[in-house]
Structure formats: C-alpha cells, structure tokens
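For this chain, numbers begin at 1 and follow the sequence in order. Atoms within a ligand are numbered from 1 in the order they appear, just like the ligands themselves.
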Amino acid sequence: MKSVIAAASMLALLAAAPACAQSAMIAGTVTKVDESAGKITLKHGPIKKFDMDEGMSMVFRAGDPATTIATRGGAVTGVHTESGEVIAAKIVVAGCHVEAALGLLGPALPARLARRRGEIQLGNGIGMIVRLGTSALPHYPAGGPDTHRAMQLLAPSRQLLRAAYGEFLAGRPPTRPAALAMTFSAFDPTIAPPGHHNVSVWGQWHPYELSTGEQWVDIGKREADRLIGEVEAAAPGFASSVEHVHVQHPVEIERELALPRANVMHVNMDLASMFGMRPLPELAGYQVPGVAGLYLASAGMHPGGGVFGASGRTAAGVALADHSGRPAWAGRRRATRITGLGRVPRRR
Ligand SMILES: Cc1cc2nc3c(=O)[nH]c(=O)nc-3n(C[C@H](O)[C@H](O)[C@H](O)COP(=O)(O)OP(=O)(O)OC[C@H]3O[C@@H](n4cnc5c(N)ncnc54)[C@H](O)[C@@H]3O)c2cc1C
C-alpha cells in the first residue's frame, strides 16, 4: 500500500508541469512549404522572455544533413550539405552530437583533439522506449483526474530501482524495468485518431552493449513486453488495449536518432563529465580550440541532456559575446540584430 501512495503523490506533483509549459508557448504560423526544396518557413510572434519585441520568420530545411564543416586558416567558412549546397558562414553553431560535430571537421580537426576524441564518455546506453497505439488510456486505480497530463513513473519501490540499475551495470536488461508512461494524446487529441491514443513507455536501465551474448534485434520485443507488463501491473487491463507496437531498443535508438551508444543525454551525466569536464576539458568552453567560429550547442555540453535547451542557450551566449565584444556573463539588454543571425538577445 505504501508504494501505491508514493506513486500517487509523485503523479500529482508531476501533473503541474504541462500547464506551466503551455503558458510559455509562442504563437507561430507556417507561411510557406517548399516541398521540392524541402524547406518550411515559420513566422512566430514576439518572445518577451528573450527580449524579442518583434516576431521573425525562419526557414527550416529538412532532410539535408551537414556533411562537412568547412574551414580555412583555422576558422570556419561554412557548411556543406548532402544535397551539395554550400552555406557560407563565419559562425557555425553545431546542435548535433559533439561526436558528429568533430567528425564533420574531417582533416581540419586539430590533431590533439583527434587523439582525445575517444575519451569522451559515451556510456553504455540508458534505456529503451516502446511507442504504442491503443484503444484507451491506462486507468490507474491510484491515479487522479490529472494523471494523464503528467509523466507517470511506475516504480513500486526503491529496491526495484536498485535491482534494475544493478542488472544494467552487469550488462543485463532489467528483470523489472522502471517504467515511465507518457500519454500525450490525453491533452493533444490531434496526435491520435478519434477514440484512440498513443502511449509511450520509456524504461530504465537497458545496456546498449549486453553481456549476455544476446542481440537487441532478437530481444527488443521481449523487453518491450516487460515494459507493457509494468504498465499493466499499475493499470490493470492496459495490455489488452494495445493495438500497435513500435519498439525503439538501444541499438535502434542509436541508428534512428543518431545517438552514439544510445546515450539519450549524448555524454554520461556523471560528475566526471559535467561542468568543466563536459565533454572534455578542452571543449568545455562551447568552442573547439584551433577552429575559430565553431560553437558546440548540444547535450554533450554542460549542463547536459534533457529537453531544456540550456547547453544551446549558453553556446549562443558565448557566440554572441565573441562577436559583439561583450562578455557572455554580463547582464541582459534589449534585443539587437546581428547580420546573419536575425534578431537575437544580446548580453552586456
Ligand atoms: C526516447 C527518448 C526519451 C527521452 N525522454 C526525455 C525526458 O523525458 N525528459 C528529458 O528531459 N529528456 C528526455 N530525453 C533526452 C532529450 O530528448 C535529449 O537530451 C535532448 O533532445 C538533447 O537535445 P539536443 O538538441 O542537444 O540533441 P538532439 O535532440 O539529439 O538533436 C540533435 C540533432 O542533430 C541532428 N543531426 C545529427 N547529425 C547531423 C548532421 N550531420 N547534420 C544536421 N543535423 C544533424 C540529429 O538528427 C538531431 O535532430 C529523451 C530522449 C529520447 C531519445
């Protein structure tokens, strides 16, 4: 009984989060879709929290990855893309995995960094996720009216968490994974057909490299069933509502999301890889020594992974400071325009 009450209070606490996120949403309109060029133009309104008093239009290009970060004389000159386009730029902010960014430099990667690159702590995976199409939301006897607006952590005891982590360290998938159910169609009905839902179940901890001699391609479905079983244990009847299953096991996460060793935080989130050590001491300043104009903005930089954009914000601050002559740590000022970057917040 104690564990059920603990789970219920965790659900109640988490329920507040989506409401806060919604109040900060900015209105935007897709003004143009150029299918042949793979471009989408989006116009958004003012963003007060970034001191942007006016909106701006942005063009996004899909499906044309960068293949090279071009350099000359130790400074970036732009980016080459798969379609053959050459985009000239004095500043390149790499939002991809730090490993990918270093790889895009090719022979321009300074020799010392090329030697140190393998020391970035990529870890051994974190978890896996199963995406479900269902005919109903999970019904938790211990839940409340707002339960489905929250992320539902279904860990019945600390012992279970410790056991799952112990198995991970030993290179085995957990006998009883800690499951986190997410029910986005409960508050956005447009993402599922009427009368149906999508439920994602993230599970921890699942090693990317297994010590059991098994392959993820063979055991992914079995481990997905264990995750569905954990939701079933907390919400009896859920398993029979499942209509479609898409499994993203660690090897699939690496392939589909370009995340080396299935580390969804890009680089280990432990003390040895945080602060001035993330991802390596020489890269912790969000720049690549010897390659002027290149900034690293992804989760591989401090403060790391999660959907909160802090690494990117800090990298942008460093880039702006370099190119405006003002230190990144100084106070805020009204937005200003920097050629090629659009209207952006500036620091002084
Ligand atoms: C299944 C799953 C569940 C998660 N759950 C949570 C959660 O509940 N809460 C939470 O806070 N975080 C969660 N995370 C982690 C979070 O999503 C990441 O930490 C975060 O997205 C990292 O953001 P990022 O922009 O740095 O990198 P990413 O989101 O990894 O984006 C990097 C982008 O770079 C692109 N890219 C790579 N190479 C190139 C190239 N050559 N040219 C152009 N683009 C390229 C990739 O396609 C990708 O779109 C989860 C992640 C996964 C995968």
Enquirer: Please enumerate all residues that pass side chain to side chain contact (heavy atoms under 4.5 Å, CB included) together with Ser273, with sequence neighbours excluded.
Expert: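 Per chain and number, Ser273 pairs via side chain to side chain contact (heavy atoms under 4.5 Å, CB included) with Gln121, Val267, Asn268, Asp270, Arg278.
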Enquirer: For Glu214, is there an ion pair with Arg222 - N to carboxylate O distance below 4.0 angstrom?
Expert: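 A salt bridge is present here (some side-chain N lies under 4.0 Å from a carboxylate O).
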Enquirer: With no hydrogens and no angle check, just 3.5 Å: does a side-chain donor-acceptor pair link Glu243 and Thr134?
Expert: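 Not at all, the side chains of Glu243 and Thr134 share no donor-acceptor pair under 3.5 Å.
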Enquirer: Could you say whether the N/O atoms of Val307 and ligand 1 ever approach to under 3.5 Å?
Expert: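 The answer is yes, given that Val307 and ligand 1 share an N or O pair closer than 3.5 Å.
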Enquirer: Does Leu259, backbone or side chain, put an N or O under 3.5 Å from an N or O of ligand 1?
Expert: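 So ligand 1 has no N or O lying under 3.5 Å from an N or O of Leu259.
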Enquirer: Are Ile253 and ligand 1 in contact, using a heavy-atom cut-off of under 4.0 Å?
Expert: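 Ile253: no contact with ligand 1 (<4.0 Å).
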Enquirer: What about Ala299: any of its N or O atoms under 3.5 Å from an N or O on ligand 1?
Expert: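 Yes, since at least one N or O of Ala299 sits under 3.5 Å from an N or O of ligand 1.
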Enquirer: Can you find a pair of side-chain heavy atoms, one from Met128 and one from Gln204, that are under 4.5 Å apart?
Expert: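 Met128 does not reach Gln204 side chain to side chain.
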Enquirer: What class does the angle between the rings of His249 and Trp216 fall in, given that below 30° is parallel, 30 to 60° is tilted and above 60° is perpendicular?
Expert: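 His249 vs Trp216 ring planes: parallel.
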Enquirer: With heavy atoms under 4.0 Å as the rule, classify the contact between His97 and ligand 1 as side chain, backbone, both or neither.
Expert: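 For His97, no heavy atom sits under 4.0 Å from ligand 1.
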Enquirer: Using heavy atoms and a 4.0 Å limit, tell me yes or no: is Gln248 in contact with ligand 1?
Expert: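 No; Gln248 lies far enough from ligand 1 that no heavy-atom distance drops under 4.0 Å.
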Enquirer: Does ligand 1 have a heavy atom under 4.0 Å from the side chain of Leu257, from its backbone, from both, or from neither?
Expert: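 Contact part for Leu257 vs ligand 1: side chain (C-beta onward).
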